[in-house]
Amino acid sequence: MKKIIIIGASSGMGMRVATDFARAGWRVGIAARNEERLRAVKDQYPDRITYSVIDVTAQDAVKRFEDLIEEIDGMDILLYAAGTGWYNPGLNLGKDEATVGVNVVGFTRIINAAYRYFKATANTSRGRIAAITSVGGMKGLGVSAAYSATKRYQWTYLQALDQLAHSQHVNVSITDIRPGFVDTPLLEGNRNYPMLMSVDYVAPRIEKAIMERRRVATIDSRWCVVSALWSMIPNAVWRHLEVKMS
């Protein structure tokens, strides 16, 4: 039986992907901070889903992650779906620090541990590390500075691991999944975001990107166009633009 671990599976895209893989017959390990929500996800497929309460910002996060791998008897795929961020034009320091804690420190801990796991196990079948980042990493967004900066960090870290895996001959593929705005608890039910997508629409595209081992997957085609246009805007012009996210 194939095995996947999803960090950040108590709601949103992570939860939907977890139940989809369980429905398809996979052994699924899920983790997040909210035990009540994790238990509710497990109850949908009690024979296939195992959960662990993991706070990626806590010092014991890696140990708990490794214990979850052992509990489900291995790991073929890791999906890092945890993330946070705020509309923060006032630069509230607490919000920025919390964003960095989850999107940089927690992300690095888990992705690093997953890479070392695949390097140590030397599986004959190729392992997979996937992470849900964001199109927001393309440019620095003034109204959400920490969020866009941390997403850019994630892009670069994944790119670096892909290069490292090649040079070290580690049998693992790296997938960077970059959705546009998705209607999840992260957006707090605000439906004024442009080109807002539903979880039902996005989740199958995430799963396809993982299974196809795509290096980078932007979801969807409209956001591919937006990202391409953003990338071509010179910084001297970008600084004069007002990017609205609410």
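All values below come from the heavy atoms of this structure, side chains included, with hydrogens, waters and symmetry mates left out.
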Any sub-3.5 Å donor-acceptor pair from [X]'s side-chain atoms to [Y]'s backbone N or O?
X	Y	result
W155	S134	yes
Y117	M75	yes
D76	I4	no

Quiz prompt | Distance-only side-chain donor-acceptor flag, W223 / T218, under 3.5 Å | solution =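 Result is no, nothing qualifies.
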Quiz item: Do N88 and S144 have side-chain atoms, one donor and one acceptor, less than 3.5 Å apart?
Solution: no
Within a strict 4.5 Å, meaning less than it, do heavy atoms of the [X] and [Y] side chains meet?
X	Y	value
K151	Q154	yes
K2	F21	no
R64	D55	no
D183	V199	no
I132	M13	yes
Q59	R109	yes
M195	F181	no
E207	D20	yes

Tell me whether [Y] is reachable from [X] by hopping between hydrophobic residues (I, L, V, M, F, W, Y) whose side-chain heavy atoms are closer than 4.5 Å.
X	Y	result
M232	V225	yes
L241	V226	yes
L158	V216	no

Exercise. Dump the intermediate steps for side-chain contact (heavy atoms from CB on, under 4.5 Å) on T133 and Y80, then the final yes or no.
Key: CA-CA 9 Å; T133 65; Y80 189 91; over 6 Å; no
Minimum heavy-atom separation for [X] to [Y], with atom names?
X	Y	result
K139	S148	O-CB, 3.4 Å
W230	V135	CZ3-O, 3.9 Å
Y153	N103	CD2-O, 4.4 Å
W238	I233	N-CG2, 3.7 Å
V172	R128	CG2-N, 4.0 Å
A217	A209	CB-CB, 3.6 Å

Quiz item: Checking side-chain contact (heavy atoms from CB on, under 4.5 Å) for the pair V56/F107: CA distance, chi angles, key distance, verdict?
Solution: CA-CA 7 Å; V56 297; F107 170 89; over 6 Å; no
Quiz item: What residues, two or more places apart in sequence or in another chain, satisfy side chain to side chain contact (heavy atoms under 4.5 Å, CB included) together with V53?
Solution: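 Once residues adjacent in sequence are excluded, the partners of V53 under the side chain to side chain contact (heavy atoms under 4.5 Å, CB included) criterion are E35, L38, Y51.
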Exercise. Please identify each residue that fulfils side chain to side chain contact (heavy atoms under 4.5 Å, CB included) with T19, with sequence neighbours left out.
Key: R16, R23, V41, Q44, Y45
Quiz prompt | salt bridge (charged side-chain N to carboxylate O under 4.0 Å, His left out) between D43 and R39, worked out | solution = CA-CA 6 Å; D43 287 346; R39 191 182 300 114; over 6 Å; no
Quiz item: Has Q168 got more than 12 heavy atoms of other residues, nucleotides or ligands less than 6.0 Å from its CD?
Solution: yes
Self-check item: H166, NE2 atom: more than 12 neighbouring heavy atoms under 6.0 Å
Solution: no
Quiz item: Does the pair R116 and N112 meet the rule for a side-chain hydrogen bond (donor to acceptor under 3.5 Å, both in side chains), with working shown?
Solution: CA-CA 6 Å; R116 288 185 286 106; N112 179 294; 2.6 Å; yes
Exercise. For a side chain to side chain contact (heavy atoms under 4.5 Å, CB included) with I210, tell me which candidate from L79, I129, L78 qualifies.
Key: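 Running side chain to side chain contact (heavy atoms under 4.5 Å, CB included) over L79, I129, L78 with I210 returns exactly one hit, L79.
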Quiz item: Passes side-chain hydrogen bond (donor to acceptor under 3.5 Å, both in side chains), D200 versus S198? Steps please.
Solution: CA-CA 5 Å; D200 288 343; S198 71; 5.2 Å; no
Which distance, rounded to the nearest 0.5 Å, do you find between the [atom1] of [X] and the [atom2] of [Y]?
X	Y	atom1	atom2	result
I219	I177	CD1	CD1	6.0 Å
I30	M15	CD1	CE	9.5 Å
N34	E36	CG	CD	6.0 Å
Y147	L141	OH	CG	9.0 Å
I174	L161	CD1	CG	5.0 Å
S173	R213	OG	CZ	4.5 Å

Quiz prompt | Residues D176, R215; criterion side-chain contact (heavy atoms from CB on, under 4.5 Å); working and verdict | solution = CA-CA 6 Å; D176 180 350; R215 174 62 194 86; 3.6 Å; yes
Practice problem: Determine, stepwise, if the pair V105 / T57 fulfils side-chain contact (heavy atoms from CB on, under 4.5 Å). | Solution: CA-CA 7 Å; V105 178; T57 67; 6.0 Å; no
Self-check item: Contacts of type side chain to side chain donor-acceptor pair (under 3.5 Å), residue D162, not counting sequence neighbours
Solution: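 For D162 there are no side chain to side chain donor-acceptor pair (under 3.5 Å) partners, ignoring immediate neighbours.
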